[in-house]
There are 2 protein chains.
Amino acid sequence: MTSKTATLQDVARVASVSTATVSRTLSHPDVVSESTRIRVAEAVRATGYRINRAARNLRTKRAHSVLVLLPDLANPFFSTILEGISRNLSQRGYSMLIASTKQVHDSGERLIDYLDDVRADGMIILDGGLDADVLKSLEDASQADRVLFACEWVDGTSFPSVRCENRKGTQAAVTYLHDLGHRKIAHVTGPEGNVLMHSRKDAFIAEMTRLELALKPEWIIAGDFSLAAGCLAAQTWIAMEDRPTAVFCASDQLAMGFIAELSRHGFSVPDDVSVMGFDDIDLAAQFIPALTSIRQDRLMIGETAAEMLMARIMTPDGDHLESAAVLPVSLVIRESTSSPS
Amino acid sequence: MTSKTATLQDVARVASVSTATVSRTLSHPDVVSESTRIRVAEAVRATGYRINRAARNLRTKRAHSVLVLLPDLANPFFSTILEGISRNLSQRGYSMLIASTKQVHDSGERLIDYLDDVRADGMIILDGGLDADVLKSLEDASQADRVLFACEWVDGTSFPSVRCENRKGTQAAVTYLHDLGHRKIAHVTGPEGNVLMHSRKDAFIAEMTRLELALKPEWIIAGDFSLAAGCLAAQTWIAMEDRPTAVFCASDQLAMGFIAELSRHGFSVPDDVSVMGFDDIDLAAQFIPALTSIRQDRLMIGETAAEMLMARIMTPDGDHLESAAVLPVSLVIRESTSSPS
DNA sequence: TCTCTTCTTGCAATCGATTACATAATGTCT
DNA sequence: AGACATTATGTAATCGATTGCAAGAAGAGA
């Protein structure tokens with residue numbers, strides 16, 4: 001155990017072959033003969049050789065890592081997605097770098113600076129709120145195929161994306177509430193300008209129309225996915241003279257805030273009003289009452305995103321690739337919804 | 001805007017100086033003259049030069065990045081800590097890599113493989129459950145000063161660490177419950193073998209003894225920090241014939257699970273029993289009832305961890321460095337606790 | 001004016017792995 | 001046996017930034 005790290009040279013010397021052969025043995029085992037493969041493997045073990053990634057990255061012009069950009073590291077919604085991404089990447093020997101879009105802004109760096117030859121080969125963005133012109137610079141630099149959006153996306157850009165069936169999930173939610181007997185259904189939306197917010201709101205309106213349900217403008221309550229916005233929405237609901245009997249929230253956090261605030265004012269869910277969320281985050285099942293929600297498989301979102309991005313990185317000229325994956329959602333019925341009394 | 005990335009050579013040519021001068025201008029601006037500094041800056045702008053990190057990393061034998069190892073990416077407790085780490089690192093031009101200890105195990109890689117010259121210069125471990133012999137290999141390779149534990153740690157190892165005042169927090173919790181008038185206080189613990197679990201349990205027992213409160217063995221309920229364990233603990237509590245009037249849980253998640261399960265069985269908090277958590281995660285304030293908890297400043301934990309690790313990386317021979325930082329906690333009183341009825 | 005610092009700058013080796021090209025060794029077919 | 005295809009290996013250039021050493025320029029002091 002010397003304190004110095006062994007290099008390819010050392011391995012080559014021990015195995016009595018050239019560095020070229022060692023390198024080939026390691027990265028293309030099929031092109032060398034059985035005997036040298038064994039000898040080199042032995043030498044690697046003996047020297048305790050570990051590859052110097054900087055050298056390889058320099059030579060191959062690959063960073064062997066992927067950057068994930070999130071709006072907010074502290075948001076638990078993303079963690080499972082990260083788990084999925086990381087799982088996929090690490091089995092390919094790639095690493096996952098993390099940065100938050102907030103930091104990108106604060107540090108004044110341009111997004112493209114992160115697509116350094118060595119920092120990252122590609123990037124997965126989980127924030128649809130990015131400036132269009134920031135993204136423009138990526139498209140201009142024809143780096144578009146090294147960038148992929150997951151969950152959210154930005155309209156008018158050409159980046160591939162992974163998302164869930166927002167429309168279908170919303171339809172399922174409204175239909176379910178309708179089947180329970182609800183006729184007056186409200187919707188608490190995500191933040192203004194967010195693509196998911198629009199996607200779900202539009203689908204909500206469409207489905208209400210399809211079911212020929214009345215839809216007062218005030219039943220669309222503006223929110224922003226957060227617990228706090230849910231609380232505010234609850235106050236709005238309480239203040240209504242003609243209250244909806246069911247509320248479909250655009251996120252679980254909204255639904256939880258909504259229910260929490262209601263409960264503080266003496267209302268009970270689902271007795272006084274049925275409440276649904278979207279996402280089915282871990283906590284949804286443990287909440288009181290357990291939340292009826294639309295489930296997104298976040299692990300799969302992450303794995304699919306990594307899969308798609310890597311496919312593009314590996315074959316930069318592949319036009320045959322799907323440019324969008326839409327993953328299924330499912331209705332999870334729990335205790336926060338019931339027939340109207 | 002050429003599609004090729006500009007190199008130092010290009011900048012040097014445009015600025016009519018040598019590559020050495022450009023390099024110096026960029027990394028040691030003080031050793032070059034004012035005039036060349038300006039000329040080089042101009043050339044950098046003109047060429048759109050961005051440094052090739054692989055080349056630099058190869059030459060300097062630094063990865064310019066730090067690896068963070070967590071037990072579970074999906075655990076929201078860690079996200080704010082990551083935010084703190086990332087914030088500190090990025091302002092130094094370092095990147096943050098993330099991996100989960102689970103993956104390290106699955107992939108069969110040894111921990112030391114991650115401390116590659118180029119993968120990471122150091123690592124912050126948020127998992128005290130790592131095998132002692134796995135860590136041993138790091139110490140043997142005298143890489144101990146490039147590793148730092150945060151939140152958790154492993155007894156018997158010499159790695160520096162950042163942690164919160166677990167003992168003091170526990171004391172504060174018990175004292176507070178005592179002050180409210182509670183005399184029968186139970187504790188739901190973390191997972192067996194976890195250092196935090198022991199630290200908090202021991203402090204709990206010590207404080208109960210100091211206050212001369214009776215402590216039945218059955219009032220120490222084994223858990224594991226999770227919501228599910230909290231539910232089980234609640235069932236245990238319900239089954240007791242002599243029920244404690246207050247329960248101090250070793251984590252907020254435990255407390256939430258405990259309260260949720262209680263509520264499913266018709267018990268009310270804090271009327272039937274006061275419940276406290278530990279950590280003060282984001283959700284604690286929004287829970288119903290809002291959770292009384294011991295607050296850890298997770299952002300600061302992250303920032304301190306990064307700070308300490310970087311100090312060690314920068315001056316590998318600094319014996320003067322603190323080997324442990326203990327950050328303050330504070331009691332946050334909300335609605336889940338009250339005087340016993 | 002000449003010598004000696006002090007400040008800038010350039011030259012060129014270097015970090016460690018990859019890979020195009022050349023060469024040697026082996027096997028195949030007529 | 002000779003010509004050719006195939007496989008295995010070595011040689012050496014290369015990726016792009018950093019830095020020890022040396023040399024030139026500028027200024028200080030006698």
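Letters A, B, ... mirror the listed sequences (proteins, then strands); counts begin at 1. Since we're looking at a predicted model, the values are computed, not measured.
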Might you work through the side chain to side chain donor-acceptor pair (under 3.5 Å) test for Thr47(A) and Asp10(A), ending with a clear yes or no? CA-CA 7 Å; Thr47(A) 54; Asp10(A) 301 324; over 6 Å; no
Rounding to a whole Å, what distance do you find between Arg56(A):CZ and dG16(D):C1'? 18 Å
Can you name the side-chain contact (heavy atoms from CB on, under 4.5 Å) partners of Asp155(B), sequence neighbours left out? Trp153(B), Val195(B)
In terms of heavy-atom contacts, Leu130(A) and Val154(A) come closest through O-CG2, 4.4 Å
Given dT18(D), dT19(D), dC11(C), the nucleotide with the shortest approach to the side chain of Ser18(B): dC11(C)
Is there a donor N/O on one and an acceptor N/O on the other, under 3.5 Å, for the side chain of Arg59(B) and the base of dG20(D)? no
OP1 or OP2 of dG10(D) sitting under 4.0 Å from any side-chain N/O of Thr21(A)? yes
Rounded interatomic separation in angstrom, taking CG from Leu8(B) and P from dG16(D): 10 Å
Options dT18(D), dG16(D), dG10(D), nucleotide nearest the side-chain atoms of Lys61(A): dG16(D)
Look at the side chain of Val17(A) and decide which nucleotide, out of dG10(D), dT18(D), dG10(C), has an atom nearest to it. dG10(D)
Roughly, in whole Å, what's the span from CG in Asp10(B) to P in dG16(D)? 9 Å
Picking from dG10(C), dA17(C), dT19(D), which would you name as closest to the side chain of Thr60(B)? dT19(D)
Rounding to an integer number of Å, can you tell me how far Leu58(A) CG sits from dA17(D) C1'? 9 Å
Among the nucleotides dT19(D), dT9(C), dT11(D), whichever has the atom closest to the side chain of Ala20(A) is dT11(D)
Under 3.5 Å, is there a donor on one side chain and an acceptor on the other for Thr60(B) and Arg62(B)? no
Starting at atom CD of Glu34(B), determine the distance to atom C1' of dA26(D), rounded to an integer number of angstrom. 17 Å
Establish, with yes or no, whether the OP1 or OP2 oxygen of dA17(D) is under 4.0 angstrom from a side-chain nitrogen or oxygen of Tyr49(B). yes
Choosing from dT9(D), dG16(C), dG16(D), which nucleotide comes nearest the side chain of Ser33(A)? dT9(D)
Walk me through it: do Glu42(A) and Arg45(A) pass the test salt bridge (Lys or Arg N to Asp or Glu O under 4.0 Å)? CA-CA 5 Å; Glu42(A) 178 53 43; Arg45(A) 196 163 338 107; 2.9 Å; yes
Output the rounded distance in Å from CG (Leu26(A)) to P (dG16(C)). 16 Å
Side-chain donor-acceptor pair under 3.5 Å between Asn52(A) and Arg56(A), yes or no? no
Out of dG10(C), dG10(D), dA17(C), whichever nucleotide has its closest atom nearest the side chain of Ala55(A): dA17(C)
Can you figure out which of dT18(D), dT18(C), dT9(C) approaches the side chain of Thr36(B) most closely? dT9(C)
Establish whether the base of dG16(C) is bridged to the side chain of Arg53(A) by a donor-acceptor pair shorter than 3.5 Å. no
Could you tell me how far apart Asn57(A) (CG) and dT14(D) (P) are, to the nearest whole angstrom? 21 Å
OP1 or OP2 of dT18(D) under 4.0 Å from side-chain N/O of Ser23(B): yes
Arg24(A) CZ to dC21(C) C1', straight-line distance once rounded to whole Å: 11 Å
